[in-house]
Amino acid sequence: MLLRQMQYFVSVVNTNSFTEAAEQMYISQSAISQQMRALEDELGVELIHREKRRFSLTPAGEYFYRNSLRVLDEVERLKRETIQIGTYDDTRLRVGYLRCYGGKELHQVIAAFSEKYPEVSLEIVHGNHEDLYDLLRFGSVDMVLNDQRRAFSDAYVNFELVKSQCFIEISGKSALSRLEYVTLEELRNIPCILVASKEQQENESEYYHNTLGFGGSFLFAESLEEGRLMVAGNRGFMPVEGIRQDPNLGVTFQRLPLFQNGEPVVRNYCAFWKKERGGYYVEEFADMLRQEFAAKQKRLRRPGDSRF
């Protein structure tokens, strides 16, 4: 009975009305009022302070409300996962993304997907390019958001998401931060900070040096946040995945487009999954990603600017 009373209580607080809560919970107003008093009697404390037609939460009521939200979420999760196990219905989606990904698109899609498909359990992991390739190859994830570094394979669905410029983040203390864009030559004598696990540091530095043409020395960070702290301390610049300048970056560091030989350095980002491991949820998630990237680029594109 306590669980049902908890649901009634949360509904009363959320709607700020006994009448609306009763309608929402499909019971009479008198019944929901009785249940609230029964709940208070059982707990032995006042949860709601009533004044004529108005009410407010007591400190105990505020505590009970906040923790009821957590408990009800846990109960819903328990119910959903029990049903999944009982029906042998695998509605789990495991997604991998780049460790140095610095955009908001993936976060927004995860939130939208979870709201649209609450029955699907999302598991999110991150890694460098080769980490993600191995996770996908050995079946540890269902799909990955990754940059294209090798020719497309017929064994996988190679779902192109966006062609985007390369960007670097650099300290606001650096004179280069005042530029509209930066070139590889201008960065040659500044340490390059790469976000990479210890196992992938050699692979990442070789790729950035030999394939992308980054010169100079390399420093390493275990996470994007650690790398940004190093950038804020003006220890070097950091290549990041993601599109265009984010207005929420602040003034501690700047995100600048990267140019080489007068042209922007462009990367191809894709969602990859094994052809035999595809399905509705995988394809839906990938399609939502593509739409979010396209919408983000459209919002940020500046009229008359041919470089972006």
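Remark: Arg149 fails to qualify as a cation-pi partner of Tyr133 under the 6.0 Å distance and 45° angle criteria applied to the six-membered ring.
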Review point. Yes or no on side chain to side chain contact (heavy atoms under 4.5 Å, CB included) for Leu57 and Leu47, after CA distance, side-chain angles and deciding distance?
Key: CA-CA 6 Å; Leu57 293 180; Leu47 301 176; 5.7 Å; no
Exercise for review: Show your reasoning for whether salt bridge (Lys or Arg N to Asp or Glu O under 4.0 Å) applies to Lys116 and Glu284.
Suggested key: CA-CA 11 Å; Lys116 188 175 183 180; Glu284 175 73 356; 2.8 Å; yes
Practice item. Could you go through the side chain to side chain contact (heavy atoms under 4.5 Å, CB included) check for Leu224 and Met238 one step at a time? Key: CA-CA 9 Å; Leu224 183 64; Met238 180 173 63; 3.7 Å; yes
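The six-membered or imidazole ring of Tyr117 lies near that of Tyr281, with a centre-to-centre distance under 6.0 Å. The ring of Phe9 has its center closer than 6.0 angstrom to the ring center of Phe64. Ring centers of Tyr156 and Phe272: at least 6.0 Å apart, outside the cut-off.
Legend: salt bridge (charged side-chain N to carboxylate O under 4.0 Å, His left out) pairs involving residues 25-41, not counting sequence neighbours, sorted by first then second residue: Glu40-Arg50.
In terms of modelled atom types and a separation under 3.5 Å, the side chain of Ser177 and the main chain of Ser174 share a donor-acceptor contact. Put simply, the side chain of Glu76 never gets that close to the backbone of Asp73: no donor and acceptor are under 3.5 Å apart. Checking side-chain atoms of Arg255 against main-chain N and O of Ile168 turns up no donor-acceptor pair under 3.5 Å.
For Arg54, the CZ atom counts as loosely surrounded, since its 6.0 Å shell holds 12 or fewer non-hydrogen atoms of other residues, nucleotides or ligands. Other residues, nucleotides and ligands contribute at most 12 non-hydrogen atoms within 6.0 Å of the CZ atom of Arg66. More than 12 heavy atoms of other residues, nucleotides or ligands sit less than 6.0 Å from atom CZ of Phe152.
In this structure, Tyr26 has no side chain to side chain contact (heavy atoms under 4.5 Å, CB included) partners at least two apart in sequence or on a different chain. Every residue two or more places apart in sequence or in another chain that forms a side chain to side chain contact (heavy atoms under 4.5 Å, CB included) with His49 is listed here: Glu46, Glu51, Ser56, Thr58.
Taking CD of Glu169 as the start and CD of Gln254 as the end, the distance is 9.5 Å to the nearest 0.5 Å.
Ring planes of Phe237 and Phe214: parallel class, angle under 30° (limits at 30 and 60°).
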